[in-house]
Amino acid sequence: MNKKVVLINTAHNSEELKNCSVKRQNIADCKVITITPFSLYNRKIGKLFNLFFAIWLAMRLRKPRKQFLLWCYNGYAFECLFALFMPKNQHIVIEMEDMPFSRKRGFIDIKNRLDSFLLSLVLKRVKLITCVNNIIADNFKYIPAEKVLFPSIIGQQLASQHFDVAFSRATRTVGYFGGLNTEKGADIVLELLTDLPDGWQVIVTGSGGLAEQFFKLANSNPDKLLFGYNVPENELYQLMEKCDVLVNPHKPIEEMGNGIFPFKVYEYLYTRRLVLTTRLPKESDIIESALVFFDGSVESLKQQLSEADRLFAEKMLAIDMAAKFISERYTVQGFSNTIISSLAKLN
């Protein structure tokens, strides 16, 4: 969007004592000033004290006469407090990937309650809300702010990658690229490997609690499984290109309040592969018509793989339409145009 960017990185991933840091970085060919709040040995206590830091930081960065765009990821307490202490003439965008109560955080859910309360205050000033799916958008139907569907963004490297046509080789390959844990459904891929249909091989990359099991299987069955641990982005897309089918076995989203969306589904469709997935929150008819759904069991997945050639032939036109739809709306340039035009309506 050709703007100066200040990133406040509140991830607090490391549980160690660290002072606040300020540094300049290049992120996606953009020069960014990154401010990282302090961290403590205890993450929960550190995040709590960071809330006071959010207020202090907002007061330090206040420039009442200078307008800028404040983009808040997911409307958590830190982001909301920071926004509330900024001048009221700013354009505020809230990017909602999930709702405050989508994930359980203890019996009393203090964090979720605090997030929800502060988000309700910020929503009175928000100019635009991006939503990961239409179910999230329905939560904000009474908020006068503009709403934009934002399930994913296709990075520049993937957008420039060349992909050969799927099902054009003698062998058949199914790929899984993502978190290696049961929530993401990676255990289904492990189960598939123990009884893989004839003529198929599997490519898996990622990291997580099940990584060691994938390592062992890859070493003992190199003809059946190619495994890469946290491979670089360029290698990731090269491995995707070798696949005919890409699978998203994520555990049922409705069990998480429909508050998340597996972004990889859009990347998968963009490669024009056959995509097998468990049920997803409603997105668009164009996207849904290009997908093949299975019930999350390995038996159902194997059944779809046995019919993969036929399914791909039936879905080729729909897959191509979905890839073009994603290219127009969810590449960096496409989504930037959407945001710029949406904000222009507010001026």
Side-chain angles (χ1 to χ4, degrees), residues 28-29 150-179 184-186 189 192 196-197 199-206 218 223-250 261-278 280 283-284 286-294 301 304-336:
D29 299 323
F150 182 31
S152 176
I153 197 157
I154 302 299
Q156 300 281 38
Q157 195 157 346
L158 176 56
S160 60
Q161 176 81 25
H162 171 73
F163 289 90
D164 289 338
V165 178
F167 292 89
S168 58
R169 292 167 283 243
T171 57
R172 296 287 178 260
T173 304
V174 56
Y176 172 79
F177 305 89
K184 303 292 187 181
V189 182
L192 173 69
L196 193 64
W200 284 88
Q201 60 181 7
V202 182
I203 296 177
V204 174
T205 70
D223 296 333
K224 183 186 293 186
L225 172 63
L226 174 62
F227 176 64
Y229 185 82
N230 275 355
V231 300
E233 189 178 14
N234 62 326
E235 185 179 342
L236 172 69
Y237 300 138
Q238 290 170 9
L239 291 173
M240 280 188 182
E241 195 272 334
K242 296 179 183 294
C243 297
D244 304 291
V245 178
L246 297 171
V247 62
N248 170 52
H250 201 295
F261 190 91
F263 289 178
K264 67 171 69 72
V265 169
Y266 273 64
E267 292 182 323
Y268 285 179
L269 283 174
Y270 189 79
T271 69
R272 289 175 168 82
R273 267 62 193 145
L274 181 67
V275 180
L276 306 182
T277 179
T278 50
L280 302 171
E283 285 290 317
S284 75
I286 293 175
I287 297 298
E288 193 160 302
S289 65
L291 300 169
V292 174
F293 296 98
F294 73 103
L301 179 56
Q304 303 291 26
L305 289 178
S306 69
E307 302 179 37
D309 287 72
R310 177 185 63 80
L311 291 169
F312 182 70
E314 291 178 357
K315 292 281 186 178
M316 278 187 69
L317 181 59
I319 292 170
D320 190 59
M321 289 179 61
K324 291 176 180 176
F325 176 86
I326 293 167
S327 179
E328 291 170 358
R329 290 165 176 79
Y330 302 120
T331 55
V332 172
Q333 188 59 57
F335 189 64
S336 294

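Note that the coordinates shown come from a computational prediction; the quantities given were computed from them, not determined experimentally.
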For a quick test of your reading: what N or O donor-acceptor pairs under 3.5 Å do the side chains of residues 152-163 make, sequence neighbours left out?
from	atom 1	to	atom 2	distance (Å)
Ser160	OG	Gln156	O	3.1
Ser160	OG	Gln157	O	3.1
His162	NE2	Asp164	OD1	3.0

| query | Taking the side chain from Arg273 and the backbone from Glu241, do they hold a donor-acceptor pair closer than 3.5 Å? | reply |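 It does hold such a pair.
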| query | Listed by chain and number, what are the side-chain contact (heavy atoms from CB on, under 4.5 Å) partners of Ser306, not counting sequence neighbours? | reply | Gln303
| task | Applying side-chain contact (heavy atoms from CB on, under 4.5 Å), name anything that partners Arg172, two or more places apart in sequence or on another chain. | result |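 With neighbours one apart ignored, the set is Phe167, Trp200, Asp244, Asp309.
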Heavy-atom pair with the smallest gap, counting every atom of [X] and [Y]:
X: Ala186; Y: Gly179; value: CB-O, 3.8 Å
X: Ser336; Y: Val332; value: OG-O, 2.8 Å
X: Ser289; Y: Ala318; value: O-CB, 3.7 Å
X: Leu269; Y: Ala323; value: O-CB, 3.7 Å
X: Pro197; Y: Leu192; value: CD-CD1, 4.2 Å
X: Tyr268; Y: Gly175; value: OH-O, 4.5 Å

| said: Are the side chains of Glu288 and Phe293 in contact, using a 4.5 Å heavy-atom criterion? | reply: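 They are in side-chain contact.
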Check salt bridge (charged side-chain N to carboxylate O under 4.0 Å, His left out) between [X] and all other residues, then give those that pass, not counting sequence neighbours.
X: Glu314; answer: Arg310
X: Arg272; answer: Asp320
X: Glu233; answer: none

From [X] atom [atom1] to [Y] atom [atom2], the distance as rounded to the nearest 0.5 Å:
X: Leu196; Y: Leu305; atom1: CG; atom2: CG; answer: 7.5 Å
X: Leu246; Y: Lys264; atom1: CG; atom2: NZ; answer: 10.5 Å
X: Glu267; Y: Thr271; atom1: CD; atom2: OG1; answer: 9.5 Å
X: Gln238; Y: Ile203; atom1: CD; atom2: CD1; answer: 11.0 Å

| task | In sequence, state the C-alpha distance, the side-chain angles, and the governing distance for Lys224 and Gln201, and then conclude on side-chain contact (heavy atoms from CB on, under 4.5 Å). | result | CA-CA 5 Å; Lys224 183 186 293 186; Gln201 60 181 7; 5.9 Å; no
| task | Classify the angle between the aromatic ring planes of Tyr266 and Tyr330 as parallel (below 30°), tilted (30 to 60°) or perpendicular (above 60°). | result | perpendicular
| said: Run the side-chain contact (heavy atoms from CB on, under 4.5 Å) test on Ile287 and Ile326 for me, step by step, so that the C-alpha distance in whole Å, both residues' side-chain angles and the decisive distance to 0.1 Å come before the verdict. | reply: CA-CA 9 Å; Ile287 297 298; Ile326 293 167; 3.9 Å; yes
| said: Val231 vs Phe177, test: side-chain contact (heavy atoms from CB on, under 4.5 Å). Steps then yes/no. | reply: CA-CA 10 Å; Val231 300; Phe177 305 89; over 6 Å; no
| field | Member of Leu276, Leu280, Leu291 meeting the side chain to side chain contact (heavy atoms under 4.5 Å, CB included) criterion with Asn248 | value | Leu280
| NZ/Lys242: more than 12 non-hydrogen atoms of other groups inside 6.0 Å | no
